[in-house]
There are 2 protein chains.
Amino acid sequence: MNDIKKQFCNFLKNNNLLLTAQRECILNYILSTSYHFDAEQLYVQMKSEDPSIGRATVFRTVKLLESSGLIRKIRLGKSKSYYELTVKKKHHEHLVCQNCGKIIEFIDSGLEERIIKIAKKNNFKINKHAVEIFGICEDCFKSTKNK
Amino acid sequence: MNDIKKQFCNFLKNNNLLLTAQRECILNYILSTSYHFDAEQLYVQMKSEDPSIGRATVFRTVKLLESSGLIRKIRLGKSKSYYELTVKKKHHEHLVCQNCGKIIEFIDSGLEERIIKIAKKNNFKINKHAVEIFGICEDCFKSTKNK
DNA sequence: TTTGAGATTGATACTCAATATCAAATATAT
DNA sequence: ATATATTTGATATTGAGTATCAATCTCAAA
Ligand SMILES: [Zn+2]
Ligand SMILES: [Zn+2]
Ligand SMILES: [Zn+2]
Ligand SMILES: [Zn+2]
C-alpha cells in the first residue's frame with residue numbers, strides 16, 4: 001500500500017471509519033487521474049466500473065477525502081464544486097478562461113506569502129484560501145482579434 | 001438622478017433595456033445598504049416594500065446589476081452567491097471565519113499587483129478575480145484557547 | 001462461530017439556489 | 001390607435017448536494 005493510501009487509512013482509523021471496497025475503489029481512481037473532477041462525473045465513472053455503487057456513496061466519499069486533506073475543493077467559477085489532489089502536485093492556483101473554459105494552473109510564491117502575511121496582520125488563523133483569476137486566455141484573445 | 005443611477009441607465013439603454021419601477025426600486029435599495037447580500041434575501045426585502053414583486057424579477061435584476069458592473073459576485077465559501085457594491089467602496093478581498101461566519105474585509109495593493117502580474121505573465125486578459133481566505137478569526141481563536 | 005453494536009451502503013425523497021417557460025401586462029415608435 | 005418589443009410574475013423545472021432509513025457489512029468479544 002502506498003503512502004497516500006496509508007494516509008487515508010490513518011485518517012479513517014482516527015475517525016473510527018472503515019476502509020470499504022467502495023472507498024478504496026474511489027481513492028484508486030482519483031489517484032490514477034491527476035486533474036480536476038467533480039463528484040457527479042466521478043460517480044458516472046465509478047458506476048461504469050461497478051454499476052452497484054450509489055451516488056450518495058460517491059458524494060460522501062468525496063467529502064471524506066476532502067476532510068482527510070487528500071483533495072481540496074476548487075470553484076472554477078461554476079455553481080458546482082470541483083476537486084483536485086493535494087498530493088503528487090505542488091500547491092497552485094487557477095486562471096479560468098471565460099470564453100473556452102480552459103484552466104491554466106500557476107504557482108506564485110509571492111502571492112502565497114502575501115496571503116499568509118495578510119492573515120497574520122489580521123490575527124487570523126488561516127486554514128485555506130482560494131485565488132481564481134477569470135478572463136480571456138491568449139488563444140481566445142488572438143482568435144478574437146483576427147475577426 | 002445620481003451618477004450611479006445614471007451609470008445603470010446607460011447600461012440599460014446600451015442594451016435596449018428599460019428602467020422599470022422594479023429595477024429602480026431594487027437599485028435604490030442596494031445603494032442604500034452597503035454590505036454583502038444575496039438574491040433571496042434581497043427578494044424578501046423588496047417583497048416587504050412591494051408585495052407584488054416576483055422572485056424571478058429580483059434574481060434577473062441582480063444579474064443585470066452584475067453585468068452592468070455595479071455589483072460583483074462573491075462566494076464567501078457558501079453554495080449560494082453573495083453580492084456587493086463595487087462603487088462607493090474601494091476594491092477589497094475577504095477573510096471568512098469558519099467558526100462564527102464573520103467576514104473581514106481587507107485591501108492589499110501588493111496582492112492586487114501580483115495578480116495583475118500573474119495574468120500578464122500568462123498573456124491572460126484579466127477580467128475579474130476572487131481571493132478568499134478561510135480560517136478562524138481572532139475572537140474565535142481566543143475563546144477556544146480559554147477552554 | 002455466533003452475536004451484537006456500530007459503521008456503511010444504495011434507493012429514494014428532499015432541500016436549496018437558480019433558471020426556463022409563457023401568457024399577460026407595459027412601454028415605445030409610427 | 002396599432003404594431004412591435006420588452007418585462008413581469010406565477011409556475012415548473014433544473015442542478016447540486018443532503019437527509020433518511022432499512023438492509024448489509026465489519027469486527028471484537030463471548
Ligand atoms: Zn480561452
Ligand atoms: Zn489545479
Ligand atoms: Zn470567528
Ligand atoms: Zn466586501
Side-chain angles (χ1 to χ4, degrees), chain A residues 8-29 36-68 71-84 101, chain B residues 8-29 36-68 71-84 101:
Chain A
F8 189 50
C9 288
N10 285 340
F11 168 81
L12 292 174
K13 265 199 198 102
N14 294 340
N15 292 278
N16 286 320
L17 303 172
L18 308 170
L19 180 64
T20 63
Q22 291 90 334
R23 286 175 183 164
E24 189 165 15
C25 186
I26 291 170
L27 176 60
N28 284 337
Y29 178 74
H36 313 132
F37 62 90
D38 66 79
E40 186 67 34
Q41 120 196 10
L42 181 59
Y43 167 57
V44 171
Q45 177 62 37
M46 299 321 295
K47 192 93 182 171
S48 79
E49 293 184 15
D50 168 10
S52 75
I53 202 167
R55 226 176 79 91
T57 300
V58 176
F59 275 77
R60 283 186 290 235
T61 303
V62 166
K63 270 198 148 184
L64 281 184
L65 286 162
E66 195 195 359
S67 304
S68 79
I71 62 177
R72 73 165 181 144
K73 189 191 288 192
I74 51 180
R75 284 304 193 152
L76 304 180
K78 300 289 182 56
S79 58
K80 70 179 162 188
S81 296
Y82 289 82
Y83 298 87
E84 65 184 0
Chain B
F8 190 49
C9 288
N10 285 341
F11 168 82
L12 293 174
K13 267 201 197 100
N14 294 339
N15 292 279
N16 286 320
L17 303 172
L18 308 171
L19 180 64
T20 64
Q22 291 91 331
R23 286 174 185 165
E24 190 165 14
C25 184
I26 291 170
L27 176 59
N28 284 337
Y29 178 74
H36 314 131
F37 62 90
D38 65 79
E40 185 66 31
Q41 120 196 8
L42 180 59
Y43 166 58
V44 171
Q45 177 62 37
M46 298 321 294
K47 192 93 182 168
S48 79
E49 294 184 16
D50 168 11
S52 75
I53 202 168
R55 235 176 75 90
T57 300
V58 176
F59 276 77
R60 283 186 291 236
T61 304
V62 166
K63 270 199 149 181
L64 281 184
L65 286 163
E66 195 195 359
S67 304
S68 78
I71 63 177
R72 73 165 182 143
K73 190 191 286 192
I74 51 179
R75 284 304 194 152
L76 303 180
K78 301 289 180 58
S79 59
K80 70 179 160 187
S81 297
Y82 288 82
Y83 298 87
E84 65 184 358

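Numbered from 1 within each chain, the chains take letters A, B, ... in sequence-line order. No hydrogens, no waters, no symmetry mates; every other heavy atom, side chains included, goes into these values.
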With a 3.5 Å distance limit and no angle check, can you tell me whether B/Asp38 reaches the backbone of B/Glu40 through a side-chain donor-acceptor pair? yes

Which of these nucleotides, C/dG10, D/dG9, D/dT8, is closest to any side-chain atom of A/Ala56? C/dG10

Would you mind classifying the nucleic acid contact of A/Arg60 as base, sugar-phosphate or nothing, using non-hydrogen atoms under 4.0 angstrom? base

Between C/dT9, D/dT6, C/dA18, spot the one nearest the side chain of B/Phe59, thanks. C/dA18

Whole-Å distance, B/Lys13 NZ to D/dT6 C1', equals 16 Å

Relative to the 5' end of DNA chain D, which residue comes earlier, B/Ala21 or A/Tyr82, by the nucleotide with the nearest heavy atom? B/Ala21

The answer to which of B/Ser52 and B/Asn15 contacts DNA chain D further toward the 5' end, by nearest nucleotide, is B/Asn15

Side chain to side chain contact (heavy atoms under 4.5 Å, CB included) between A/Thr57 and A/Thr20, intermediate numbers included: CA-CA 11 Å; A/Thr57 300; A/Thr20 63; over 6 Å; no

Pairwise 5' ranking along DNA chain C for A/Lys47 and B/Lys80, keeping only the more 5' one: A/Lys47

note: B/Leu64, atom CG; D/dT7, atom C1'; distance rounded to Å ~ 11 Å

Could you tell me which non-hydrogen atom of A/Arg75 sits nearest to which non-hydrogen atom of B/Arg75, and how far apart they are? NH1-NH1, 4.4 Å

Spacing of B/Tyr43 atom OH relative to D/dA10 atom P, expressed in whole Å: 7 Å

Nearest heavy-atom pair of B/Ser81 and B/Lys73: which atoms, and what distance? OG-CD, 3.5 Å

Just checking B/Arg55: base, sugar-phosphate only, or nothing, at a heavy-atom cut-off of under 4.0 Å? base

Would you indicate what B/Lys78 reaches in the nucleic acid, counting non-hydrogen atoms under 4.0 angstrom: base, sugar-phosphate, or nothing? nothing

When you measure from the side chain of A/Ser79, which nucleotide among D/dT6, D/dA16, C/dG10 comes out closest? D/dA16

Rounding to an integer number of Å, can you tell me how far B/Gln22 CD sits from D/dT6 P? 17 Å

Side chain to side chain contact (heavy atoms under 4.5 Å, CB included) assessment of A/Arg23 paired with A/Leu64: CA-CA 9 Å; A/Arg23 286 175 183 164; A/Leu64 281 184; 3.5 Å; yes

Tell me: CD of B/Glu24 to P of C/dT26, nearest whole Å? 17 Å

A/Leu17 has an atom CG; how far is it from atom C1' of D/dC25, in whole Å? 15 Å

C/dT9 phosphate, OP1 or OP2, under 4.0 Å from A/Thr20 side-chain N/O: yes

Whole-Å distance between C/dG10 C1' and A/Arg23 CZ? 14 Å

Within the 4.0 Å heavy-atom criterion, would you say B/Glu40 contacts the bases, only the backbone, or no part of the nucleic acid? nothing

Measure from the side chain of A/Leu18, starting at C-beta and using heavy atoms only, and say which of D/dA16, D/dT8, C/dT8 lies closest. C/dT8

For atom CG of A/Asp38 and atom C1' of D/dA16, their distance in whole Å: 10 Å

Tested for side chain to side chain contact (heavy atoms under 4.5 Å, CB included) against B/Cys9, the lone hit among B/Leu27, B/Leu19, B/Leu17 is B/Leu19

Nucleotide nearest A/Asn16 when distance is taken to its side chain, options C/dA7, D/dT7, D/dT8: C/dA7

